[in-house]
Amino acid sequence: MDVRRRSEKPVYPSKVFAADEKPLKPHKNQQQEDNNTLLIDASDALPLPLYLTNGLFFTMFFSVMYFLLSRWREKIRNSTPLHVVTLSELGAIVSLIASVIYLLGFFGIGFVQTFVSRGNNDSWDENDEEFLLKEDSRCGPATTLGCAPPARQIAPMAPPQPAMSVAEKPAPLITPASSEEDEEIIKSVVQGKIPSYSLESKLGDCKRAASIRKEVMQRITGKSLEGLPLEGFNYESILGQCCEMPIGYVQIPVGIAGPLLLNGKEFSVPMATTEGCLVASTNRGCKAIYASGGATCILLRDGMTRAPCVRFGTAKRAAELKFFVEDPIKFETLANVFNQSSRFARLQRIQCAIAGKNLYMRFVCSTGDAMGMNMVSKGVQNVLDYLQNEYPDMDVIGISGNFCSDKKPAAVNWIEGRGKSVVCEAIITEEVVKKVLKTEVAALVELNMLKNLTGSAMAGALGGFNAHASNIVSAVFIATGQDPAQNIESSHCITMMEAVNDGKDLHISVTMPSIEVGTVGGGTQLASQSACLNLLGVKGANREAPGSNARLLATVVAGSVLAGELSLMSAISAGQLVNSHMKYNRSTKDVTKASS
């Protein structure tokens, strides 16, 4: 049998090719023939031609398979074990194995031939290209070596570049700085030589510090902050009291609901929100209240709280301190110590709770027109210092022991109140219910009972016996510079509805025991928030009656919640909720184009 081998290196002519000539490659058929000769021809070992042999084994394979499947089907029908085989079945199994071995060998040889053929083609291409590169390097310019200029210049192949991983950061965005000095500062912050938080103190310019910090973030993260505005904000106004390390500000639209007729006065309520339908719905509630003669709001309590946790060696010692602070005579002394911390802070009472040898003392005090968290904390610290002298074995665990309870849903706030406790009510006439709210009094009463009362009880709600009080509270809080996190306890609300005047009119009320608001301090002094407070007539502190502005703001919040509850419940009762949100709460922008 003739087994031929291909030479390891192709033989190329040593001449230099002209401009219109190309080096000759072996013919494709010749190359395929060389590849085939690497293997022994399987047909040489067969007594029959290859096509007859293939046909024989294919026929035997399918015939045997049909025979065996037929026999196995009969055994299954007759409940005969499959492992019991006859002599004919044994011969069929042997024939099946032989045909499978032949067919696997036949297709395996074809695969190896294809693989070797491709490998040789690749080797030829690489050798061919290497030869051409060597010939080009020998020629050089025609004026020097007399070589004819090549038809095309073959550049050396660049090494393959690894694909960028998905987790790799993109190239950082670099925006030119306004000056060379700013560029140097940016580079120093990026390199960690200058702390980002110290830019305001080092530069003495809060806006410039915010601009540099924003560019630093873009370069470090490789993410664009183009949509975050920088201009048009007074960064000096937030230094040291509202926000640290600013890089811009977020824009939230402010809508107006009203007029809200509350206690005989009209209020235009500012609401900062990105939820469509919210302002429109609250505005409809204000219209219904106005058309029915207005709402009445009463302030029940006004007292901010702070509850430190102290520990003793025994529960008996903890109980002794509890009796001490609850003694009316001792309380007068503690109140004097507390009130020295501020000209507005006035201690009202101390509520105690014991857990083993740990004592929680809940201080309640008035705080003027401020929301009062810092004010009450200062007073509590004064009292703790005083008690430390009376009880030297007292261990102060923390000035806040969560019995306050701040920015968390808690039954103590729901029952005892925190901040301003308010109840607001209105009687909506039958005509207004039908024409403005598009529903019926009986339907509203039934829905309120099954949704706000029974449904909330089924859910195990804590202070959430309402439709969406937090929606209105959050929007008014953001617009007027309140602490948005205190929306949690400030949204505690129970909504009640009852048919009155022989079932013709609707009595609706909201009871909110822990509205925490202020008109001075924090975000209330920012320009935008201050303008919204001014719109309500409660900007800043009331010098004639300290605390009256904050109390009035709390009543406006409750009145707005009343309007929002009335309108949403009516929409649900009339089956308008989904349709209104589809109309007013969906963008018409093509999001596919916006994302690109």
Side-chain angles (χ1 to χ4, degrees), residues 169-254 270 272 341-344 367-375 377-378 381 399 477-486 517-535 538-541 543 549:
K169 292 183 179 179
L173 303 171
I174 299 180
T175 304
S178 58
S179 66
E180 293 183 2
E181 183 182 359
D182 286 357
E183 183 63 30
E184 291 299 323
I185 297 174
I186 292 172
K187 291 180 179 179
S188 298
V189 176
V190 170
Q191 296 169 2
K193 297 178 181 178
I194 298 178
S196 177
Y197 62 81
S198 66
L199 289 174
E200 281 80 4
S201 59
K202 289 184 177 296
L203 300 177
D205 186 341
C206 294
K207 180 182 177 182
R208 183 183 173 198
S211 176
I212 290 175
R213 186 179 294 112
K214 180 179 179 181
E215 177 58 28
V216 168
M217 289 305 301
Q218 291 189 123
R219 298 192 186 185
I220 291 176
T221 64
K223 307 295 184 182
S224 173
L225 293 173
E226 182 181 0
L228 187 66
L230 185 70
E231 301 294 332
F233 190 84
N234 182 10
Y235 292 93
E236 278 74 14
S237 65
I238 64 174
L239 181 63
Q241 60 179 349
C242 288
C243 181
E244 298 76 35
M245 296 189 289
I247 60 172
Y249 60 96
V250 174
Q251 298 168 313
I252 301 179
V254 178
S341 63
S342 171
R343 56 196 176 105
F344 297 108
T367 56
D369 283 309
M371 183 270 292
M373 285 299 303
N374 293 334
M375 192 182 299
S377 297
K378 287 170 58 181
Q381 187 63 57
I399 196 170
F477 268 33
I478 295 173
T480 57
Q482 310 304 312
D483 189 341
Q486 290 183 324
V517 293
T519 59
V520 296
T524 63
Q525 49 83 37
L526 298 178
S528 302
Q529 290 81 343
S530 180
C532 292
L533 289 172
N534 189 53
L535 178 65
V538 294
K539 177 183 176 180
R543 300 183 180 276
N549 279 359

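None of these values were measured; they are calculated from a predicted model.
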If you look at every heavy atom in [X] and [Y], which pair is closest and at what distance?
X	Y	result
K539	S530	CE-OG, 2.9 Å
T480	T524	O-CG2, 3.7 Å
Q525	C242	NE2-SG, 3.4 Å
S377	I399	O-CD1, 3.5 Å
P270	A479	O-CB, 3.7 Å
G540	T519	O-OG1, 2.7 Å

Within a radius of less than 6.0 Å around CG of D483, do more than 12 heavy atoms belonging to other residues, nucleotides or ligands occur?
yes
If you count every heavy atom of other residues, nucleotides or ligands that lies below 6.0 Å from Q241 atom CD, does the total exceed 12?
yes
Counting N and O atoms only, with roles assigned by atom type, does the side chain of [X] sit under 3.5 Å from a partner on the main chain of [Y], one being a donor and the other an acceptor?
X	Y	value
D369	N549	yes
Q482	G518	yes
E181	S179	no
Y249	L228	no
K214	L225	yes
Y235	L230	yes

Look up atom [atom1] in [X] and atom [atom2] in [Y], then write down how far apart they are to the nearest 0.5 Å.
X	Y	atom1	atom2	result
S211	L199	OG	CG	10.5 Å
L239	E244	CG	CD	9.0 Å
M371	Q486	CE	CD	4.0 Å
M245	S196	CE	OG	6.0 Å
I212	K207	CD1	NZ	12.5 Å
S198	L203	OG	CG	8.5 Å

Mind jotting down which residue pairs meet the ring pair (Phe, Tyr, Trp, His ring centres under 6.0 Å) criterion with at least one end in residues 200-230? Sequence neighbours excluded, please.
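Listed by first then second residue: nothing to list.
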Show the numbers, then the answer: is there a side chain to side chain contact (heavy atoms under 4.5 Å, CB included) between V189 and R213?
CA-CA 8 Å; V189 176; R213 186 179 294 112; over 6 Å; no
Please assess D205 against E236 for the test side chain to side chain contact (heavy atoms under 4.5 Å, CB included), listing each intermediate value before the final yes or no.
CA-CA 8 Å; D205 186 341; E236 278 74 14; 4.2 Å; yes
Apply the test side chain to side chain contact (heavy atoms under 4.5 Å, CB included) to residues Q218 and S224: give CA-CA distance (whole Å), side-chain angles for both, the deciding distance (0.1 Å), then the verdict.
CA-CA 6 Å; Q218 291 189 123; S224 173; 4.1 Å; yes
One thing to verify: whether E184 and K193 come together as a salt bridge, which I'm taking to mean a side-chain N less than 4.0 angstrom from a carboxylate O.
no
Salt-bridge criterion met for R219 and E183 (N-O under 4.0 Å)
yes
